Amino acid sequence: MIRHIHSVRGVALLSLFSALLFSAMPKSAAQCGTTPPTGSVTWTTNWCDEFNGAANSTINPANWTYDTGGGGWGNNELEVYCAPTSNTSPCSTSSPNAYIDGSGHLAIQVRLVGSTYTSARLKTQGLQSFHSGRIEGNIQIPSHAGLWPAFWNLGSQAGVSWPTVGESDVMENWPTTSNIPGPGATGNCSTIHTKVTGGSGKGKCFTLPSGGRVDTAFHLYGEIWSANMIQFYVDDPTHPFFVVTASDLPAGDIWPFSSSADAFFIIMNMAVGGTLGAPTDSGTGSQAPMLVDYVRQYLPSTVTAPQMTPSGSITVTAGATTGNTATINMTSTTGSGRVAFSCSTNAPKASCLVTSSDTVNKYTVDFSNSSSGSATVTVTTTANTRRGGHSNGTPPGNYTVTVNAYTISSSDASIPSGSTTVNLTVN
């Protein structure tokens, strides 16, 4: 389990009225790069920064602002974050920590100034906001003791504190020599943080194939973010290595990623030391910079919901753990990707869950290479223990179970792509 805490101390959360949902209009191919289809899904670049300016030209102020200062950032970090325009020691405009390198990259450089590490933390907060789509960065990162680079999203819902506001770490890397060993030069970790999962979060790490390294080549770090589901990938969006859904969260948790009212902003930074970076060594701060070729948000073409056909109804004695399931057969377009689910029932003191045989995530059905699939609806009812005709569990009666499906083009959990109903009889 990945353990870390990103503090939002000192970062004012935006008012929802000032959040600019999808504020950047689509740009032409001359300004924004494009990406190939994934199966039957095409992707339109909705927002980007390609960092194609001349060397040391201004980083686009319409896209990026900066967190500045030290104080550990809730993680016992060692660095002081500097804006490129700051000349307040230890920061220097003559040796900025964030700059355009003139070769099509944003550079984030850790420096050792005397006994103080300086770095940069860029964010789109107050400028560009996001709540779904495909967020992708093409990045090369240094790997050395003490360095902790990241490319991540943080919720900006007004009045909601971390971690309830939500965090999604697309790329996060720290050394194998850290106190909590990381993926080092050969991999990446992706994690979500929610109200209950907190600092530990829920995540998974990925090892690059064929001896690949993060510090000698650029890699695509991305997430396909749709209602009730985030799919994390490295280099190949058709093969996510970590898929997490609202159904994966523990009881009492809140999934903060599926409402158009709850916008997120992007952060790119390189921390030094701290929870995952410590310890440093005598060479920390002399490494090559983190280079960002581009950051983009793509929006998918509309994906039609699968046709869902229940194989029958459920008849069960209240509290029974057998005979309480039904199969839903599905057909969809081959290449349309994964579908996530939610379900609800109007039966009192009862709940339901949708599962599948998908090996990547049991709460999804994958139509990437198939036009058919199935899922199982399991209903949990509460036994009646009182006698004399009085129910203290799920009362006998006829009810329904509603199953909602969300394709990768669904951006809000309150608006399912499709739904079906299973009849439920409780005896």
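It should be emphasised that the depicted structure is a prediction, and the values quoted were computed from it without experimental measurement.
Not counting sequence neighbours, the partners of Glu136 by the side chain to side chain donor-acceptor pair (under 3.5 Å) test are Arg134, Tyr233, Tyr294, Tyr298.
A donor-acceptor pair under 3.5 Å is formed between the side chain of Ser258 and the backbone N or O of Asn228. Judged by distance alone, with hydrogens and angles left aside, the side-chain atoms of Thr345 form a donor-acceptor pair with the main-chain N or O of Ala347 at under 3.5 Å. Panel note: side chain Ser210, backbone Gly212; no donor-acceptor pair is recorded below 3.5 Å. No donor-acceptor distance shorter than 3.5 angstrom exists from the side chain of Ser370 to the backbone of Phe367, with no hydrogens or angles considered. Of the possible polar contacts, none joining the Asp67 side chain to the Arg121 backbone as a donor-acceptor pair under 3.5 Å is found. At least one donor-acceptor pair closer than 3.5 Å links the side chain of Thr394 to the backbone N or O of Thr382. A donor-acceptor contact shorter than 3.5 Å is absent between the side chain of Thr380 and the backbone of Ser351. Judged by distance alone, with hydrogens and angles left aside, the side-chain atoms of Gln109 form a donor-acceptor pair with the main-chain N or O of Gln287 at under 3.5 Å. No donor-acceptor pair under 3.5 Å is formed between the side chain of Gln128 and the backbone N or O of Asn63. Put simply, the side chain of Ser178 gets close to the backbone of Leu276: a donor and an acceptor are under 3.5 Å apart.
Donor-acceptor pairing under 3.5 Å is recorded for the side chains of Thr118 and Asn97. Checking Trp148 against Asn269 by side-chain atom types alone, no donor-acceptor pair falls below 3.5 Å. Side-chain N/O atoms of Trp152 and Glu167 include no donor and acceptor closer than 3.5 Å. Under 3.5 Å, the side chains of Asp253 and Thr194 contain a donor-acceptor pair of N or O atoms. Between the side chains of Asn329 and Ser374, no donor N or O sits under 3.5 Å from an acceptor N or O. For the residue pair His131/Asp412, the side-chain donor-acceptor check at 3.5 Å is not satisfied. Between Thr364 and Asn361, the side chains place no donor N or O within less than 3.5 Å of an acceptor N or O (distance only, hydrogens not considered). With no hydrogens or angles considered, no side-chain donor-acceptor pair links Asn188 and Asn173 at under 3.5 Å.
For Arg296 and Trp43, the positive end is not near the middle of the six-membered ring at less than 6.0 Å and at most 45° from its axis.
Between Trp225 and Phe257, the angle of the ring planes goes over 60°, which puts this pair in the perpendicular group of the 30/60° scheme.
Side-chain contact between Ile266 and Trp64 is present, with heavy atoms from C-beta onward closer than 4.5 Å. Residues Met290 and Val292 are in side-chain contact: their nearest non-hydrogen atoms beyond the backbone lie under 4.5 Å apart. Side-chain contact between Arg338 and Thr407: absent, with no pair of heavy atoms (C-beta onward) separated by less than 4.5 Å. Side chains of Ile135 and Phe151 form a contact here, defined as non-hydrogen atoms less than 4.5 Å apart. At least one side-chain heavy atom of Leu353 sits under 4.5 Å from a side-chain heavy atom of Tyr363. The side-chain heavy atoms of Val295 and Met268, taken from C-beta on, include a pair separated by under 4.5 Å. Pro142 has its side chain within reach of Met270: a pair of non-hydrogen atoms, C-beta onward, lies under 4.5 Å apart. No side-chain heavy atom of Asp169 sits less than 4.5 Å from a side-chain heavy atom of Cys189.
Of all the heavy atoms in Ser40 and Thr333, the pair that sits closest is OG-CG2, 3.9 Å. Looking at every heavy atom in both residues, Gly184 comes nearest to Val214 through O-CG2, 4.1 Å. Taking every heavy atom of both residues into account, Thr381 and Ala320 meet most closely at OG1-N, 4.1 Å. Considering all non-hydrogen atoms of both residues, Gly323 and Val316 come closest at O-CB, 4.2 Å. Between Pro279 and Asn179 the shortest heavy-atom distance is CD-OD1, 3.7 Å. Asp262 approaches Pro256 most closely through the heavy-atom pair CB-O, 4.1 Å.
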**Request:** Check the pair Ser168 / Phe232 against side chain to side chain contact (heavy atoms under 4.5 Å, CB included), numbers first and verdict last.
**Result:** CA-CA 10 Å; Ser168 169; Phe232 294 95; 3.6 Å; yes

**Request:** Would you check, one step at a time, whether the test side chain to side chain contact (heavy atoms under 4.5 Å, CB included) holds for Ile139 with His219?
**Result:** CA-CA 6 Å; Ile139 307 171; His219 294 280; over 6 Å; no

**Asked** Can Leu122 and Thr65 be said to form a side chain to side chain contact (heavy atoms under 4.5 Å, CB included), step by step?
**Response** CA-CA 6 Å; Leu122 292 80; Thr65 185; over 6 Å; no

**Message:** Show, in sequence, the C-alpha distance, side-chain angles and deciding distance for Leu424 and Val426, and conclude whether the side chain to side chain contact (heavy atoms under 4.5 Å, CB included) test is met.
**Reply:** CA-CA 7 Å; Leu424 169 65; Val426 178; 4.0 Å; yes

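The distance from atom CD1 of Ile230 to atom OG1 of Thr245, rounded to the nearest 0.5 Å, is 10.0 Å. For the atom pair CD1 of Ile59 and CZ of Phe51, the computed distance is 7.5 Å after rounding to the nearest 0.5 Å. Summarising the geometry, atom OG belonging to Ser342 is positioned 4.0 Å from atom CG belonging to Asn404; distances are rounded to the nearest 0.5 Å. For the atom pair OG (Ser417) and CE (Met308), the distance works out to 9.0 Å, reported to the nearest 0.5 Å. For the atom pair CG of Leu220 and CG of Asn138, the computed distance is 5.0 Å after rounding to the nearest 0.5 Å. Between the OG atom in Ser356 and the CD1 atom in Ile328 there is a gap of 11.5 Å [rounded to 0.5 Å].
Within the structure, salt bridge (charged side-chain N to carboxylate O under 4.0 Å, His left out) pairs that include any residue of residues 208-225 comprise Arg213-Asp215 (at least two apart or interchain).
Taking the ring centroids of His105 and Tyr99, they lie at or beyond the 6.0 Å cut-off.
Under the 4.0 Å criterion applied to side-chain N and carboxylate O atoms, Asp248 and Lys202 are not assigned as salt-bridge partners.
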